[in-house]
There are 2 protein chains.
Amino acid sequence: MPVDTPTRRTNNRAQLLLDAAASLFALKGYASTTVRDIAAAASMTPGAVYVHFPSKCDLLVEVYKEGVRRVTERIESSTLGIHCPWKILESALTAHLEAILDRSAYAKVIIRVLPGDVGQAGPALAALRDGYESKFRRYVEALPLAPGIDSRLLRLLLLGALNHAPVWYSDQGEEPTGIAAAAVQLIRGGASSVEQVA
Amino acid sequence: MPVDTPTRRTNNRAQLLLDAAASLFALKGYASTTVRDIAAAASMTPGAVYVHFPSKCDLLVEVYKEGVRRVTERIESSTLGIHCPWKILESALTAHLEAILDRSAYAKVIIRVLPGDVGQAGPALAALRDGYESKFRRYVEALPLAPGIDSRLLRLLLLGALNHAPVWYSDQGEEPTGIAAAAVQLIRGGASSVEQVA
DNA sequence: GTATAAAGTGAACAATCGTTTACCTATTGC
DNA sequence: GCAATAGGTAAACGATTGTTCACTTTATAC
């Protein structure tokens, strides 16, 4: 009867390790983070890490998976009940921004660690990342765009703009909500003070 | 008579090392690049590196400096003779994009290696990066922007959008010129097919 | 030619890396 | 109780890291 009784040996130490790894990968990158660092952050011995994960690389892949899962969940729940495609996009971008700014170290890892940095696991990570970005593909393609606007390019520019926020964001400035709103306003109506001639 | 005669011992080996370091830092990041890798790429011995640079960290700082110098130069020369502020911005963005996409590994290092990754030299790198981005501050502030548009936010979003291009760019798609033009068009006139209500 | 100094070699340094091993501990199923 | 097993420790493994050192090579200045 493998039910979770209070006395049953809890195996949430693996989750603790994942949390520690996510924080450190997000902070220092993959190569600069040591297995010993991760173990220490989880109050464990380096050897104990390998009881739960076969390698440092696998640890990153699991963090990546969990990160994608969490952000996807946040985005989908944040867009529920909204019908205006612009508002849907804005909500999704806000959720995305909040995730990569402070809420979850997992999300930060996704945009901090490039798939190419991990050697063998590169393709797997790239696939996870693509799966996540495909959400936004639908949001952008649902927009009533003027003719001549490349929706793919629009999506890539938009995500790139927000993904760089961790570099310059500070608590004193604009809130994530405001940043996402400004981004949507920009690409929706433009920033020029005069109407553009065709 | 320390004139550069053809027979004079050339000290362009340091430049060769810088080139090799720039390529490798751009490709694999700072932590994953080995001093031995750099030396081998320059057809030298690891020990010879320390004849020209006191440490791996200094090597990165020099690459950073050179990168900022080159991109700044390209941007300034590309905007010469243009008067329309939107066209100036577009030219500058095109030069920036070309630099970080293929032309110069030096520029790629600037957006690939985060100042925080190098420990002590972090502030110095951040200062160099800021000096470079201040160019764009002037270009953006020269635009005739609609009231309520935050020029700082606009600049950060714009640069972020382009700085992510190395992740998704492929030779088959749009050229750097087209990407920069699309970005300017987007933020200038917007992408919506219908006029936005105030 | 010869002294000088820069450029470069090759081996070694201590430190640290990811990972493995042998051993211990404590909980679980029966 | 008792074997079984997952979880964890301490120490060590070989490989690799940035860096140094003693020594040679080579081009220049005089």
Side-chain angles (χ1 to χ4, degrees), chain A residues 1-22 24-25 27-64 113 117-122 125, chain B residues 1-22 24-25 27-64 113 117-122 125:
Chain A
M1 198 199 287
V3 184
D4 257 9
T5 66
T7 56
R8 177 177 175 75
R9 184 147 30 150
T10 54
N11 62 338
N12 53 1
R13 308 278 310 219
Q15 185 61 46
L16 219 150
L17 266 176
L18 265 187
D19 288 347
L24 288 169
F25 286 152
L27 185 67
K28 312 199 300 176
Y30 179 72
S32 298
T33 299
T34 298
V35 174
R36 286 170 175 82
D37 289 342
I38 299 172
S43 305
M44 294 171 69
T45 308
V49 174
Y50 292 86
V51 171
H52 303 278
F53 301 95
S55 73
K56 178 188 176 186
C57 181
D58 283 86
L59 200 38
L60 175 73
V61 172
E62 292 307 313
V63 169
Y64 232 82
V113 179
D117 291 355
V118 202
Q120 12 165 341
L125 300 186
Chain B
M1 196 202 287
V3 184
D4 255 10
T5 66
T7 55
R8 177 175 176 76
R9 185 149 22 152
T10 55
N11 61 338
N12 54 1
R13 307 281 308 216
Q15 184 62 46
L16 219 148
L17 267 176
L18 265 186
D19 289 345
L24 288 169
F25 286 152
L27 186 66
K28 313 199 298 174
Y30 178 72
S32 299
T33 299
T34 298
V35 174
R36 286 171 175 81
D37 289 342
I38 299 171
S43 304
M44 292 170 71
T45 308
V49 173
Y50 292 85
V51 171
H52 303 279
F53 301 96
S55 74
K56 179 189 176 186
C57 181
D58 283 87
L59 200 38
L60 175 72
V61 173
E62 291 308 312
V63 169
Y64 233 80
V113 180
D117 291 355
V118 203
Q120 13 164 338
L125 300 187

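Side chains are part of it too, since the values below use all heavy atoms of this structure and drop only hydrogens, waters and symmetry mates. In what follows, chains carry the letters A, B, and so on, assigned in the order in which the sequence lines appear, proteins first and then strands, with residues in each chain numbered from 1.
The side chain of A:Arg13 places an N or O atom within less than 4.0 Å of a non-bridging phosphate oxygen (OP1 or OP2) of D:dG8. Between D:dT17 and B:Thr34, a contact under 4.0 Å exists linking OP1 or OP2 to a side-chain N or O.
Distance from the side chain of B:Val35 is smallest for D:dG18 among the nucleotides D:dG18, C:dA7, D:dT9. In this structure, of D:dG7, C:dG8, C:dT19, it is C:dT19 that holds the atom nearest to the side chain of A:Pro46. When distances are taken from the side chain of A:Thr45 to each of D:dT9, C:dT19, C:dA7, the shortest belongs to D:dT9. Closest to the side chain of B:Ala48, out of C:dG8, D:dG8, D:dT19, is C:dG8. Nearest nucleotide to the side chain of B:His52, out of D:dG8, C:dT9, C:dG8: C:dG8. Of the candidates D:dG18, C:dT19, C:dT9, D:dG18 carries the atom nearest the B:Arg36 side chain, counting heavy atoms from C-beta on.
When each of A:Leu17, A:Val113, A:Leu18 is tested with A:Val63 by the rule side-chain contact (heavy atoms from CB on, under 4.5 Å), just one qualifies, namely A:Leu18.
Within the cation-pi definition used here (under 6.0 Å to the ring centroid, within 45° of the axis), A:Lys56 qualifies as a partner of A:Tyr30.
Side chains of B:Asp37 and B:Lys28 form a contact here, defined as non-hydrogen atoms less than 4.5 Å apart. In this structure, A:Val49 and A:Met44 have side chains that are not in contact, with every pair of non-hydrogen atoms separated by 4.5 Å or more.
Remark on DNA chain D: of its neighbouring residues B:Tyr50 and A:Ser43, the 5'-side contact belongs to A:Ser43, judged by nearest-heavy-atom nucleotide.
Between A:Leu17 atom CG and D:dG8 atom C1' there is a gap of 11 Å when expressed in whole angstrom units. In this structure, B:Asp58 atom CG and D:dG18 atom C1' are separated by 13 Å, rounded to whole Å. We find that CZ of A:Phe53 is positioned 16 Å from P of C:dT20, with the value rounded to whole Å. Distance B:Lys56 NZ to C:dA15 C1': 15 Å, rounded to the nearest Å. Distance A:Leu24 CG to C:dC17 P: 12 Å, rounded to the nearest Å. When the P atom of C:dG8 is taken as reference, atom CD1 of B:Ile38 falls 16 Å away, rounded to whole Å. The CD atom of A:Gln15 sits 14 Å away from the P atom of D:dG7 (whole-angstrom rounding). When rounded to the nearest whole Å, the span between CE of B:Met44 and P of C:dA7 equals 9 Å.
Of all heavy-atom pairs spanning B:Leu24 and B:Ala41, the tightest one is CD1-CB, 4.1 Å.
Residue-level contact check: B:Ser32 touches neither bases nor backbone, having no heavy atom under 4.0 Å from any strand.
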